[in-house]
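Side chains are part of it too, since the values below use all heavy atoms of this structure and drop only hydrogens, waters and symmetry mates. Here the structure is a predicted model, which is why all the values come from computation and not from measurement. Order of the sequence lines fixes the chain letters, A, B, ..., with proteins taken first and strands second; residue numbering starts at 1 for each chain.
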Amino acid sequence: MTSVLLFLISIMVMLSFLMLMQIHVINLIKLVIIQNIILTSYLVCKAWIYPSLELQLSLSITFIIKVILLPWALWKLAGYLKLKQHTESLINKPTLQFIGILLVIFTLILSHQIENTIGQQDIIGFSLSLANSMLAILLITSRRKAISQIIGLLVMENSIFLLSATLNIGFPWLVELGMGFDILIGFMIFGLFLLRIHTTHGSLHLKNLEKLKEKL
Amino acid sequence: MNPILLFLIPSVAAIVTLPLIKNRRLASNVSAFFSTLSFLFAIKLVMNAYTQSEPLFFFHQWLFCDKLSAFFILLNSFIALTTSFYAISYLNNESRTTLYYLIYRFYHTFFHIFTFSMLVVILSNNIGLMWIAMELATIASVVLVALYQTSEALEAAWKYLILCGVGIGLALLGTIILYFAAHHYLPGEQGLLWTALVTHAAKFPVKLLAVAFVFLFVGYGTKVGFFPLHNWLPDAYSESSAMVNCLSSGALLNIALLVILRFKLILSHTVIASFSSDLFLIFGLLSLLFAALSLLRQRKLKRLFAYSSIEHMGLISVALGIGTPLAYLAGFLHILMHSLSKSAIFFNIGSIIQRFHTQNMSQLKGLTTTIPVTGWCFLLCCFAILGLPPFGLFFSELLLILATLKTFPWLVIPLALGLIIAFLAIFSKIQSIAFSSHPTENQPLCNTRASNWPVMLHLGLTVIAGFWIPTWLLQPVIHLLTQGTV
Amino acid sequence: MIKQIVHQFLLVAQGFLIIMIAPLIIGWTKQVKCWFQQRSAPPLLQSYYAVYKLLIKEPVLSDNASWLFRAAPYIYFISLAAICFNLPFFMADTFSSQSMDLIVLVGLLALSRLLLALAAMDVGTAFGDLGARREMLVACLTEPVLLIVFYNVTLLTHSPYLSGSVLFFLHHTIFYPSLVFSLIALILVLIAETGRIPIDNPATHLELTMIHEAMILEYSGRYLALIEWGNAIKFILYLLLIASLFFPIGLSTQEKTHFLTLGLFATLLKLFLLGLFVVFIESINSKLRLFKVPDYLAGAFMLSVLGVLITQLLGASI
């Protein structure tokens, strides 16, 4: 069964890598939602193999936030900002992917050096999660649009979560820290809404938003 | 009652009551009152911490106060105090069209959330709590930067949010890896406590610790403004109001450095202690040189002093990287003096920009003739930040160069080079601002006394520290740090 | 002794079966495409009728066609047919299993493509030249991907022969994580090499948008019949590579009748499903502009490299 877990981790890395290649912003949102679902199914498989109370607790909270709340918020944002029409020019797709591959190689070499201190089982999850976070940083730094940067942060949060889930250490504050990071990202999404209100109406004065109310 | 709990109460009370106060004048006064209360309780806490040999704990070891925290608590509360008094006059003079009533309530509430989260960062023993408080401080300061809601302000706030979000994510990664290194010996929540980590650090696997430290350094280093990730700093400083500038450069940069210093202290008992010092040295030097060179190209007043903040943070981290007791003395004296002088500068610049409505240095001329008090204070503050003799910064830089000569003599050359370039850059630009035969018009302000006395208080303190270095304040801290390295 | 003769006979029959079934799969994809587009399809055996029609007609060649132009279709067909004897259909073992390894497979594909491209340039028309150059552009970028995918498979199975790898995957039924990357890369290569949307529209009549069709514009009669059949063989070749390397369930390792029929039906089912999948991808995408094709293929290359890296990382534990 451990091969299923490794399979799911590899799919997550592949999804982050595919995100580097996307031009349409709506595809990024779809890929990050799929990544959230894969992360949750990873936690489900893990809770099946090694049942423990805190894992199940974090699983249920993760499920609610990542699979239900966050995709809903992203879809609403995509609809509001009319993201289906937006494309984004990347610097140069093959170069970007090549840099991504170099970062993954770098992480694998780094983890190879740590290999004798941690066990064989842990090293795979560790290195792939680190590779995922490197790809997330590359995603954030190579993009112009604000929504793509938020998605990069979501990928980074997924990789942090994956790291703490694979390492089997029972990180005591996992749920709180994960929620804290989600609050940060929720704050950013909220900020994007406000930015859009600001650019369409010229200011954030609420009296501008009330114009519609009077017309009704 | 536990002094730590007593100390945190005024901040919580401020956060709870200030959103409800609609009268602007009353809100500023209430905010200043709570800051004063918090400063008085801080003095009590600091005296407690300095007289006892063991640190104080609170809330089953999540919060604690040893001498290092006490030093920063004192500094932070003092700066918050003077800032909230300055805010009374600043907000009074702000024209009604730029800030409408809701903004004032936002400002005061988030100001106190910001100071509260910074205090929690300083006081926290639990590295998870430290991270959460740092994130809260980031969110609060982003709201404060975006307060004026012009499109430049929103863009600056967005860049700040994204870059610091990346930094916070990396710092979380580092925290998890550190816990992973520690969890064999310190299971459960014990592994998150800094006091436990410091005592058991020698047993942890070394390479994991190194990887964790690199992530933590890069992550929290974005908040300090180290070289490759400093992009948010000039933009955020130039778009926010003077009080936020003050708090950011006088308090936030310091506590970000404090957090990295705490992790360095964890590493100081292990084999790789020199690795952490090397990182401090390299990034400090790079930030210093880069900021010094960038200072030559600045045209706007606040951006000039933002780069100056990066330069001084570089100097402090070089001092902390060298690691000898003399270097620690130089570093902590520099932290103290830099916070005081930089906040004085930003107070001053705030009033100047309020009068002239422009940040371009080419349009600000002849201040000493048109607004004598503010103009002369400006000149004196600039001398203070440049490190000229009677002010304390001169002594801290002198001590730093002496400490460098003793340990790494070759390091003096880039250090001196950076200092000289920064000096020339700032000095040449402020000449024409202060003295000119064609002074520019300005709009007069009311109630300028309240905006002048914080500046003069800070300047006075730096002059006093120049003549009489407060070793009673610094010695216990240095003793704690060097004891840790033995 | 009898057993060995029967075994060899079955292997040869397997190769011929693949060659014969190839046009049927093309007919199936056309059928599915028409289902997606809600129109009625030509009969499933239409490709066979088309080949027959072309065979009985007299080929017309231009005046400056050389021997290369006349010989190319034969070499194209023969090299592709030779690969068919290396692919498993109902048995995991193949006729040339010990003599043709994965690199020879790639080489034979390259030979077929090379001859066709040269023949297209031989006649000197503008469109032939255009098609040949475009085809070689796509080929330059897909061949490394194919080689790296095969390299990944070889690293995992320690066998350079296709049938050896298939046997290994049959016996060790676990999810190899790095194979996912190779699978996606191979699907991307499949679409590029067989000339499907989004790279090239097989049903287009606009010469300026053609890649593969433009090369064969000058052919007629029996030459065209051979080339059309060769295209069908190429399509089924890639489908069988995907089906046998990544989903080898159902292939038989013994000569019992029920195993063989099980293998036959399993592979037919897999081929139909894969055809469905290819048509699905064709239907939801639009054709890429030509200068974006290198980006697409670079993505496939990077994915395959990532697969090899993951194999190197995980290799010791799995």
[X] versus [Y]: any side-chain heavy-atom pair under 4.5 Å?
| X | Y | answer |
| --- | --- | --- |
| L208(B) | F126(A) | yes |
| F215(B) | L130(A) | yes |
| I177(B) | L163(A) | yes |
| E157(A) | L172(B) | no |

Proximal component of [X], with respect to chain A [non-hydrogen, under 4.5 Å]:
| X | answer |
| --- | --- |
| L170(B) | both |
| I139(B) | both |
| V206(B) | neither |
| L129(B) | both |

- Inspect the surroundings of CZ in F98(A) and state if more than 12 heavy atoms from other residues, nucleotides or ligands are less than 6.0 Å away.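 No, CZ of F98(A) has 12 or fewer neighbouring heavy atoms, counting only those of other groups under 6.0 Å.
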- Message: Looking at chain A, which one of P205(B), A146(B), G165(B) has the largest number of heavy-atom pairs inside 4.5 Å, strictly under?
- Response: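 Highest number of pairs under 4.5 Å: G165(B).
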- What's the shortest heavy-atom distance between I176(B) and S164(A), and which atoms?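 So the two residues come closest at CD1-CB, 3.9 Å.
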- Query: What is the distance from atom CH2 of W158(B) to atom CD1 of I150(A), rounded to the nearest 0.5 Å?
  - Reply: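 Between atom CH2 of W158(B) and atom CD1 of I150(A) there are 3.5 Å.
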- How far does CG of L173(B) sit from OG of S129(A), to the nearest 0.5 angstrom?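 Taking CG in L173(B) and OG in S129(A), the distance rounds to 8.0 Å.
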